[in-house]
Number of protein chains: 2
Amino acid sequence: MSMKRIRPVLVHTQEAPHSGWKDKILQGHCVSELAKLPPASVDVIFADPPYNLQLGGDLLRPDHSRVDAVDDAWDQFESFEAYDAFTKAWLLAARRVLKPNGTLWVIGSYHNIFRVGASLQDLGYWILNDVVWRKSNPMPNFRGRRFQNAHETLIWASRDKDAKSYTFNYEAMKAANDDVQMRSDWLFPICSGSERLKDEDGCKAHPTQKPEALLARIILSSSKPGDVILDPFFGTGTTGAVAKRLGRHFVGIEREDEYVRIAKERIDAVEPLTDEVLRIAAGKRAEPRVPFASLVESGLVAPGTELTDAKRRYRAYVRADGTIAVGDDAASIHRIGARVQGLDACNGWTFWHVKRGKDLMPIDELRRTARERMQVAAPA
Amino acid sequence: MSMKRIRPVLVHTQEAPHSGWKDKILQGHCVSELAKLPPASVDVIFADPPYNLQLGGDLLRPDHSRVDAVDDAWDQFESFEAYDAFTKAWLLAARRVLKPNGTLWVIGSYHNIFRVGASLQDLGYWILNDVVWRKSNPMPNFRGRRFQNAHETLIWASRDKDAKSYTFNYEAMKAANDDVQMRSDWLFPICSGSERLKDEDGCKAHPTQKPEALLARIILSSSKPGDVILDPFFGTGTTGAVAKRLGRHFVGIEREDEYVRIAKERIDAVEPLTDEVLRIAAGKRAEPRVPFASLVESGLVAPGTELTDAKRRYRAYVRADGTIAVGDDAASIHRIGARVQGLDACNGWTFWHVKRGKDLMPIDELRRTARERMQVAAPA
DNA sequence: CCTTCACATGAATCGACCT
DNA sequence: AAGGTCGATTCATGTGAAG
């Protein structure tokens with residue numbers, strides 16, 4: 001995989017080799033097209049690889065040598081091995097273009113997902129969740145010989161085990177789920193009706209078109225507006241259409257002319273949502289940090305003020321330097337809160353209270369006031 | 001494992017070395033104990049192998065209590081390679097004792113299930129279904145860093161690709177599911193309360209005891225009365241207890257003295273059902289909860305839609321992630337409803353309305369529509 | 001006796017930032 | 001690079017005491 005062979009494809013400017021690679025569909029095989037993209041440049045990858053082991057087309061080993069097409073004459077072991085080689089090849093190429101804190105989503109069924117999951121673990125990806133897409137209207141099992149196959153499986157993984165700063169819009173997901181945290185099982189209908197793209201004959205244009213709602217949940221949970229979403233098995237461009245609508249960039253890779261044509265047309269027709277609608281519900285983690293000392297400095301809390309816990313079991317006094325004291329013991333609101341309770345840790349903002357008339361108010365309320373004043377002083 | 005060593009057995013006489021092997025717990029390592037059983041003698045295998053959990057340090061709840069995690073020695077493996085070797089060893093030994101038309105069930109989480117699935121495919125097992133156990137009461141994700149891990153995965157496989165005469169009680173499953181085919185996603189609570197076995201100190205006797213309802217569905221779906229159910233990771237004997245109650249034979253393999261003792265006692269106390277018709281107690285069929293976001297995702301409410309209260313005093317608009325916004329303030333329909341009224345809580349479903357012509361319609365009506373569309377899903 | 005509240009707990013790969 | 005500090009974070013259910 002020599003870098004020398006990398007050339008600009010579908011390039012609209014002449015200058016930089018990688019310029020203008022966003023919001024485009026690259027036509028070609030996913031492994032070779034991935035090799036042309038700049039390294040560590042993509043925030044999220046969504047991949048819907050072939051499920052079937054009887055692949056008609058090209059299979060590449062990790063060294064890019066070609067595997068002969070799988071047919072029924074091949075024994076089982078060989079065909080699994082061929083699928084694994086194909087899987088590891090694209091997973092490896094995808095990992096190169098993923099940012100260190102980027103994440104990968106793969107969808108599959110029991111035919112392939114166990115092989116995909118094991119392969120990505122072998123390559124160093126670190127699984128964050130497996131997520132189940134429960135289909136509200138799955139196809140029945142016609143022969144009555146098995147359970148109705150009513151779900152597909154998604155794997156969500158970070159590039160590395162130690163990557164801790166991946167994007168997960170926890171608060172947005174929680175708010176979207178009636179204020180309880182989003183679970184690993186999601187219910188969506190399959191893609192049908194007017195959403196399902198048809199060709200001239202009225203037949204479905206693509207055999208495995210995914211519902212836009214599924215892609216929306218994926219993109220909203222694990223990316224921010226302006227991020228780049230890559231789909232190496234683009235098909236008719238569901239990922240691109242949803243990414244564009246949600247204010248993200250997309251990159252699609254697809255081999256078939258016809259799918260590329262349909263996807264382009266589809267995405268061109270998409271109207272992006274406004275920034276207002278797209279802003280992500282942010283939790284406390286995203287808010288600016290306000291040290292307790294600055295509340296004292298700004299006069300929101302006077303030195304000497306008495307602090308107590310909600311049940312008035314413990315008392316402390318505010319000192320001019322922003323520490324608080326119990327007896328001779330002085331330290332931060334967190335340290336002292338932990339110490340009086342005999343705990344290792346404590347969030348002093350929610351533990352300590354000030355008197356307001358007969359009632360108590362957590363000092364976290366004062367922090368909110370301080371933050372509001374900061375907003376006025378220095379608007380973003 | 002050479003084919004030459006396999007002999008026709010299934011011995012019914014006293015002389016044979018394998019006589020009297022049913023309804024017993026074999027104490028020892030699963031691979032060596034499996035080797036002592038007659039070949040092709042077991043109808044169903046249920047296996048709950050170690051999950052290979054990779055825990056960091058301690059995990060604290062928001063209230064600072066410590067989570068009692070699985071850190072037992074039997075769940076520690078050096079590497080993926082070591083885990084794979086262990087997995088293939090027991091899967092191979094298990095395959096020898098399985099009848100040609102017997103089936104295997106394995107349960108796992110994302111930590112191990114992809115490796116187990118790929119391994120069993122490599123060994124010649126043929127996957128019939130993957131089944132998702134949706135937990136009605138899973139442990140939360142305490143740090144808000146991922147989706148709540150709310151399910152585990154089961155794989156159901158036949159011994160060979162060509163085995164067509166495995167047992168699947170299609171009609172019984174359909175009858176147990178309100179006369180529609182049983183789906184591949186099952187809803188059960190985790191094992192707790194009086195069903196959870198405790199030791200002398202009142203602590204849980206086994207860290208990963210499975211609910212009997214889960215085993216009952218497995219056994220009822222894929223075996224007949226009188227069949228032999230083998231569990232190579234017997235633990236405290238849930239498989240044996242349920243098999244006995246349902247009129248099946250069991251064989252358990254377990255290493256730990258203490259688990260063997262508890263399991264024996266437990267199974268001895270089980271009274272087999274005499275009823276010809278064995279039915280699972282129908283699970284709860286509560287109304288499915290519909291998050292507001294799913295209305296946006298499904299297109300029932302467009303992003304940007306204006307919401308008002310019944311008297312049109314307050315206005316909010318819908319965002320793409322299913323939160324709603326008033327000015328810069330965005331959160332769930334409930335939170336924003338509470339905030340504009342200056343209340344602590346609010347039922348957003350009845351508070352907020354959308355325009356329908358000149359009139360207003362509570363969004364609760366839209367929820368009803370969404371539920372009706374979802375009824376097809378028929379939760380277990 | 002009923003309601004309410006406090007508390008316990010379950011297969012978990014569960015930070016970010018500054019010095 | 002390692003270490004210290006700040007400070008964010010939970011849902012369903014069962015049990016048992018309190019009112």
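A, B, ... follow the sequence lines: proteins, then strands. Residue 1 opens every chain.
- With sequence neighbours left out, the side-chain contact (heavy atoms from CB on, under 4.5 Å) criterion links A:Glu297 to A:Ala293, A:Ser294.
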Report all side-chain donor-acceptor pairs from residues 344-351 of chain A shorter than 3.5 Å, counting only partners two or more places apart or in another chain.
| from | atom 1 | to | atom 2 | distance (Å) |
| --- | --- | --- | --- | --- |
| A:Asn347 | OD1 | A:Trp349 | N | 3.0 |
| A:Thr350 | OG1 | A:Asn347 | O | 3.2 |

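- Among residues two or more places apart in sequence or in another chain, the side-chain contact (heavy atoms from CB on, under 4.5 Å) test is passed with A:Arg285 by B:Arg145.
- With a cut-off of 3.5 Å on both pairing distances, the Watson-Crick and G-U wobble pairs of DNA chain D assemble into stems of 3 or more at C:2-10 with D:11-19, C:15-19 with D:2-6.
- Less than 4.0 Å separates DNA chain D from no heavy atom of any residue of residues 306-315 of chain A.
- Counting only residues at least two apart or in different chains, salt bridge (charged side-chain N to carboxylate O under 4.0 Å, His left out) contacts with residues 70-86 of chain B comprise B:Asp84-B:Arg115.
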Pairs: protein N or O with nucleotides 16-19 of chain C N or O, under 3.5 Å:
| from | atom 1 | to | atom 2 | distance (Å) |
| --- | --- | --- | --- | --- |
| C:dA16 | OP1 | A:Lys164 | O | 3.3 |
| C:dA16 | OP1 | B:Arg145 | NH2 | 3.3 |
| C:dA16 | OP2 | A:Lys164 | O | 3.4 |

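- Identified under the salt bridge (charged side-chain N to carboxylate O under 4.0 Å, His left out) test for residues 155-170 of chain A, with sequence neighbours left out: A:Arg95-A:Asp160.
- Partners of B:Phe234 under the ring pair (Phe, Tyr, Trp, His ring centres under 6.0 Å) rule, at least two apart in sequence or in another chain, are B:Phe250.
- With sequence neighbours left out, the side-chain contact (heavy atoms from CB on, under 4.5 Å) criterion links A:Arg279 to A:Glu276, B:Arg319, B:Asp328.
- Annotation: side-chain hydrogen bond (donor to acceptor under 3.5 Å, both in side chains) contacts of B:Lys210 (sequence neighbours excluded): B:Asp48.
- Each side-chain hydrogen bond (donor to acceptor under 3.5 Å, both in side chains) pair with one or both residues in residues 135-144 of chain B, not counting sequence neighbours, appears once here: B:Lys135-B:Glu152.
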